[in-house]
Each structure stands twice: as C-alpha cells, then as structure tokens.
Amino acid sequence: MACPLEQAMALMVTTFHKYSAKEGDKYKLSKAELKELLNKELPEIWLFLNPQKYFAEFKRLMMDLDHNKDSEVDFKEYVCFLACITMGFNEFFKDDPSKQHRRK
Ligand SMILES: [Ca+2]
C-alpha cells in the first residue's frame with residue numbers, strides 16, 4: 001500500500017494522462033484537454049485564478065504554461081504548474097496548519 005504522498009504523485013501522473021490521451025498527441029494537453037482538466041480536477045483553484053475573466057485568463061495561463069510554445073502542455077509543463085500551485089499552498093498554510101482542516 002503506497003503512502004499518501006506516493007499516492008498523490010501517482011495521481012498527478014494518472015490525472016495528466018486521463019486528459020492528455022483524449023485527442024491529438026496523447027502525451028500532451030491541448031487547450032481543450034487542459035480546460036477540462038482544470039474544470040474537473042482543480043475547480044476551486046481554477047475559480048480562484050479569476051472567474052470574471054475566465055476565457056482571457058485561460059488563454060494567458062496556457063501561454064504561461066506552454067514554455068516551448070507548441071500550443072500544447074506537456075507533462076513537464078503540467079508538473080511545473082502543479083508545483084507553482086503547491087508553492088502557493090505552502091505560503092497559505094505554512095504558518096497556520098489549522099487552515100488545512102478548515103477547508104473541508
Ligand atoms: Ca492530447
């Protein structure tokens with residue numbers, strides 16, 4: 001039985017492939033695949049990013065994530081994105097661990 005952190009890492013990988021395999025290159029997220037992943041797997045974070053400017057923000061996010069500018073998000077770019085979000089979580093939680101329980 002894998003430990004929670006190991007499970008979390010496996011989930012990051014399987015979640016990427018669940019969406020990247022839907023169309024085109026099965027190892028990269030197209031715009032549509034990325035949008036669906038954000039909507040279904042990171043809905044709170046996606047709303048937090050900027051619900052008013054939903055589509056403009058999405059375009060910008062895609063451009064920011066797509067470091068090699070091939071209009072798709074590969075696994076490395078996706079992991080960098082998750083790492084950035086995790087750093088945000090760290091800033092939010094580091095001085096007050098009780099926040100982690102309040103979110104439920
Ligand atoms: Ca794809």
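Remember, it's 1-based here, ligands and their atoms both numbered in the order they're listed. Note: hydrogens, waters and symmetry copies are ignored here, and every other heavy atom, side chains too, is used. Note that the structure is a prediction, hence the values are computed from the model and not measured.
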- request: May I ask you to decide if D25's main-chain N or O and E72's side chain share a donor-acceptor pair within less than 3.5 Å?
  value: no

field: S71 backbone acceptor or donor facing D66 side chain under 3.5 Å
entry: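 Checked: pair present.
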
task: Kindly confirm whether the Ca ion (ligand 1) is within less than 3.0 Å of some N/O/S atom in L29?
output: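 Under 3.0 Å: L29 has no N, O or S contact with the Ca ion (ligand 1).
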
- prompt: Is it true that some N/O/S atom of S20, main chain or side chain, lies under 3.0 Å from the Ca ion (ligand 1)?
  reply: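 Checking S20: at least one N, O or S atom is under 3.0 Å.
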
- prompt: Do other residues, nucleotides or ligands put more than 12 heavy atoms under 6.0 Å from K31 NZ?
  reply: no

- request: Looking only at N, O or S atoms, find the one in E23 nearest to the Ca ion (ligand 1) and name it.
  value: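 Nearest N/O/S atom: O.
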
query: For the Ca ion (ligand 1), what is the closest N, O or S atom on D25?
result: O

- prompt: For the residue pair F16 and F75, does the interplanar ring angle fall in the parallel (under 30°), tilted (30 to 60°) or perpendicular (over 60°) class?
  reply: perpendicular

- prompt: To the nearest 0.5 Å, what is the distance between CD (E41) and OH (Y19)?
  reply: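 E41 CD to Y19 OH: 3.5 Å, rounded to 0.5 Å.
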
message: To check your reading of the site, what angle at the Ca ion (ligand 1) do OE2 of E33 and O of K28 form, to 10°?
response: 120°

